[in-house]
Structure formats: structure tokens, C-alpha cells
Amino acid sequence: MLTRRLLAVVLACAVVGLPAAPAAADPPTHPGGPCLQDNQNVSRSSVAGYADVVSGLDRIARTSKGLVTVHKAGRSGEGRDLLYATVGRGPDVFWLHARIHGDELHSTESVLQVLDHLASGDPDARLIRERMTVIVIPMYNPDGAEANIRQSTTPTRIDLNRDWENFAQPESRAWYALWQQMRPRLALDLHHMGTAPVVEGTDELNQFQIGIRPIDPSRMTATQWRTAQQLSMVSVNALDGFGQTHVARYPDIDITNAVLSRMLLGGPGPDGSSPGFATQGAIFYEVRSVGQKSNGYLERLFTVPTMAVLNAVARGELAGTDVSGIDAIPRATQGTCGV
């Protein structure tokens with residue numbers, strides 16, 4: 001993991017605006033995990049596995065002097081504990097989950113870094129803890145992560161990000177119950193892209209895509225849609241000038257059985273009942289590829305915008321975020337691995 005000093009430097013990146021680019025027609029979406037070249041050798045020893053999550057959460061909780069608590073939401077199909085942490089005691093509840101797809105590797109380490117920082121003495125971290133309760137799920141799908149596959153492993157292989165309608169898997173039922181219990185106002189989901197796109201109209205390799213809408217805005221309330229745009233603009237602004245990121249907008253999808261979709265729709269749950277509330281804003285990040293030499297950079301593509309969002313919420317700035325540039329975020333032209 002990054003040292004606390006290095007993480008503090010990373011999280012101090014300036015937040016400024018993204019240059020405008022013309023909007024384009026929606027490109028097709030090709031989900032399916034990280035983009036790997038045919039000859040690319042990825043050593044899983046360089047990324048966090050389930051044992052690293054167990055030890056990492058234990059270390060952070062022990063050294064946090066009570067600021068971080070670790071809990072179990074249930075057990076996976078193979079019997080692994082579904083671990084999550086909470087930090088902060090504020091009334092504004094924020095849900096952050098990673099690795100719902102087991103082969104999307106770097107998000108786990110990233111959220112552990114975020115959690116580590118939130119337990120620190122940094123003034124921003126103290127403000128977040130005072131005003132928010134952050135739920136951190138480093139590995140939503142531990143069985144898939146250990147098998148290095150997208151889906152769950154047992155009793156059948158199911159994409160857990162398409163299982164908040166049928167709730168066929170124990171992981172889905174356990175995490176839904178936690179969502180219903182904690183009632184988060186905002187949610188963020190971390191992913192890797194399945195292709196290697198370039199920003200449309202350029203030859204710039206697109207490293208980060210912002211997922212503004214898991215469902216069509218017509219299915220959201222006006223407040224939900226505006227909140228999603230505000231979360232997205234804070235995220236995009238945080239990455240302006242951050243390396244060769246070349247931000248683009250993820251294709252506009254409408255997937256009603258995904259986790260964020262059901263959060264926005266307000267259920268229903270496994271027994272068909274309504275939870276009696278809906279999450280106000282939920283977006284996702286898509287980061288390109290994986291690889292040993294660029295691990296740190298890829299992790300920061302998650303941590304930098306995540307911390308920008310948490311800071312904006314804690315400071316009361318999210319609701320005032322200007323969303324006039326949302327349509328100027330460029331699209332990407334989908335490519336193949338190795339582009």
C-alpha cells in the first residue's frame with residue numbers, strides 16, 4: 001500500500017475544470033473486466049487478495065484507535081466473510097464498494113488506501129468523520145476475486161452486478177441487507193474497463209471513464225439525476241491535469257438489475273418488499289487495464305476522485321457544484337486491448 005505521506009500527496013491534487021469537448025452519440029458498451037493484452041503477464045501477487053483485505057482491515061482498525069470498525073455482512077458462497085468497515089459517526093451515509101467483479105483488481109487496494117486516510121489526523125479526514133459515516137467494502141466478491149473471474153463461483157457463476165433483482169447469490173442478499181440497514185444517501189462503485197478506448201476524435205488513450213447513470217434519467221427523480229451529475233463533475237474535475245488520464249464519459253446505460261440501479265430505484269429486496277427509501281445519488285468509475293508497472297497510477301485514478309467527492313460532501317459543497325459542463329465531457333471510441 002502507499003505510505004500515508006505519499007497518499008496525502010496524492011490526495012492533494014488540485015480540483016479544476018475539465019476542458020470542453022463536443023458531445024457524441026452513445027458508443028456501445030462492452031463490459032467484461034480489465035483490458036489485458038494477449039502477451040501481458042499480470043502477477044496477482046502485486047495486487048490485494050482476500051488475505052490482504054483481512055490483514056489490511058485488521059491493521060487499519062487496530063491503529064485507528066477506535067475510529068474504524070470492521071464488520072461482517074454475511075458469508076460468500078464459498079464461506080468467506082463478507083467484510084466491510086465503517087468510519088465516521090456523521091449523519092450523512094456514504095457507500096463505497098470495490099471488486100464486485102473479481103478480476104477487476106486495483107479497486108480493492110484503492111479503497112483500503114482511502115480507508116487508511118480517513119482514519120488519519122488529516123483535517124479533511126477529521127471533517128469527513130464528523131459529518132459522514134462512510135461504509136467501505138474493499139472486496140464485494142471475494143470468491144470471484146480469489147478465482148480471478150468476473151462472476152461469483154458458487155452455487156453458480158453469476159455476475160453479482162446483475163443480481164439485485166433475483167438475488168440468487170448469498171453475497172447479493174447480504175449486501176442488500178446492509179444497504180437497507182444503513183440507508184446510504186450516496187454511493188460509489190469502482191470498476192475496470194473491458195476495452196482500451198481513445199477519446200473520440202483524438203488519439204489520446206482514455207484511462208478513466210465516469211459512469212454518470214446506471215439507469216436512464218427518466219427512472220430517476222430530478223434530485224437523483226442532478227446529484228449524479230454533481231458527483232460526476234466533482235470526480236472529473238479532480239482528475240483534470242492528473243497525468244495522461246484523458247477522461248471520457250461511460251456509455252449511457254439502463255441496467256435495472258445492477259446494484260446501483262436498484263439503490264436508485266429503492267429496491268425491491270429479495271422478498272419483494274420495499275425498503276422504504278432510495279439512495280439519492282449513485283455513480284461508478286471505470287479505470288483502464290491492469291499491470292505491475294502502473295499499479296500506483298491506476299490506484300490513484302480511483303483514490304483521487306473518491307477523496308474529492310468525500311471532501312465535497314463533507315464541506316457541503318456538492319449541492320452547489322456546477323453541472324453545466326456535464327455534456328461537454330467527451331465520449332470515447334471503443335477499442336481493443338493493446339490500442
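Quick note: numbers below take in every heavy atom, side chains included, and nothing from hydrogens, waters or symmetry partners.
- Residues Asp103 and Ile149 fail the side-chain proximity criterion, which asks for heavy atoms closer than 4.5 Å.
- In summary, of the residues considered (His192, His191, Arg99), a side-chain hydrogen bond (donor to acceptor under 3.5 Å, both in side chains) with Glu104 occurs for His191 alone.
- Within the 4.5 Å cutoff, no side-chain heavy atoms of Val53 are placed close to those of Pro142.
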Test log, rule side chain to side chain contact (heavy atoms under 4.5 Å, CB included), inputs Val87 and Leu115:
CA-CA 8 Å; Val87 57; Leu115 181 64; 3.9 Å; yes
May I have the step-by-step check of side chain to side chain contact (heavy atoms under 4.5 Å, CB included) for Ile128 and Met307, ending in yes or no?
CA-CA 10 Å; Ile128 291 169; Met307 284 304 307; 3.9 Å; yes
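- Gln280 and Thr227 share a donor-acceptor pair across their side chains, judged by distance under 3.5 Å alone.
- Side-chain N/O atoms of Ser152 and Glu171 include no donor and acceptor closer than 3.5 Å.
- Side chain of Asn257 to main chain of Glu165: no donor-acceptor pair is present (N/O by atom type, distance under 3.5 Å, no hydrogens or angles).
- At a threshold of 4.5 Å between non-hydrogen side-chain atoms, the residues Met263 and Trp164 count as touching.
- Looking at heavy atoms from C-beta onward, Gln230 lies out of side-chain contact with Met233 at the 4.5 angstrom threshold.
- For Asp52 (side chain) and Gly49 (main-chain N/O), a donor-acceptor pair under 3.5 Å exists by modelled atom type.
- Using a distance-only test at 3.5 Å, with no hydrogens or angles considered, no donor-acceptor pair links the side chain of Arg249 to the main chain of Gln209.
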Output, in order, the C-alpha distance, side-chain angles, deciding distance and verdict of side chain to side chain contact (heavy atoms under 4.5 Å, CB included) for Leu318 and Leu186.
CA-CA 11 Å; Leu318 181 68; Leu186 303 169; 4.0 Å; yes
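- Residues Ile326 and Ile329 are in side-chain contact: their nearest non-hydrogen atoms beyond the backbone lie under 4.5 Å apart.
- Between the side chain of Arg89 and the backbone N or O of Thr133 there is no donor-acceptor pair closer than 3.5 Å.
- Salt bridge Asp252/Arg331: present, at least one basic N to carboxylate O contact under 4.0 Å.
- Panel note: side chain Asn206, backbone Ala332; no donor-acceptor pair is recorded below 3.5 Å.
- Residues Tyr285 and Val323 share a hydrophobic cluster, clusters being chains of Ile/Leu/Val/Met/Phe/Trp/Tyr side chains in contact below 4.5 Å.
- Using modelled atom types, no side-chain atom of Asp81 and backbone atom of Leu83 make a donor-acceptor pair closer than 3.5 Å.
- Linking ILVMFWY residues whenever their side-chain heavy atoms come closer than 4.5 Å, directly or via other members, leaves Leu127 and Ile135 in distinct clusters.
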Full working for side chain to side chain contact (heavy atoms under 4.5 Å, CB included) between Glu200 and Thr333
CA-CA 5 Å; Glu200 192 165 59; Thr333 301; 3.4 Å; yes
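- Looking at Gln224, its side chain does come within 3.5 Å of a backbone N or O of Thr279 through a donor-acceptor pair.
- A donor-acceptor distance shorter than 3.5 angstrom exists from the side chain of Gln169 to the backbone of Thr154, with no hydrogens or angles considered.
- A continuous path of ILVMFWY side-chain contacts below 4.5 Å connects Leu82 to Val259, so both sit in one hydrophobic cluster.
- By the 30° and 60° cut-offs, the orientation of the rings of Tyr250 relative to Phe284 is perpendicular.
- When atom types are taken as modelled, the side chain of Asn166 and the backbone of Ala168 share no donor-acceptor pair closer than 3.5 angstrom.
- Linking Ile, Leu, Val, Met, Phe, Trp and Tyr whenever their side-chain heavy atoms come within less than 4.5 Å puts Tyr176 and Ile255 in one cluster.
- Ring orientation note: the planes of Phe242 and Tyr297 are close to parallel, at an angle under 30° on the 30°/60° scale.
- When every heavy atom of Ile283 is checked against every heavy atom of Ala228, the shortest pair comes out as CG2-O, 3.6 Å.
- When atom types are taken as modelled, the side chain of Glu146 and the backbone of Tyr50 share a donor-acceptor pair closer than 3.5 angstrom.
- Counting heavy atoms from C-beta on, the side chains of Ile100 and Ile137 never come closer than 4.5 Å.
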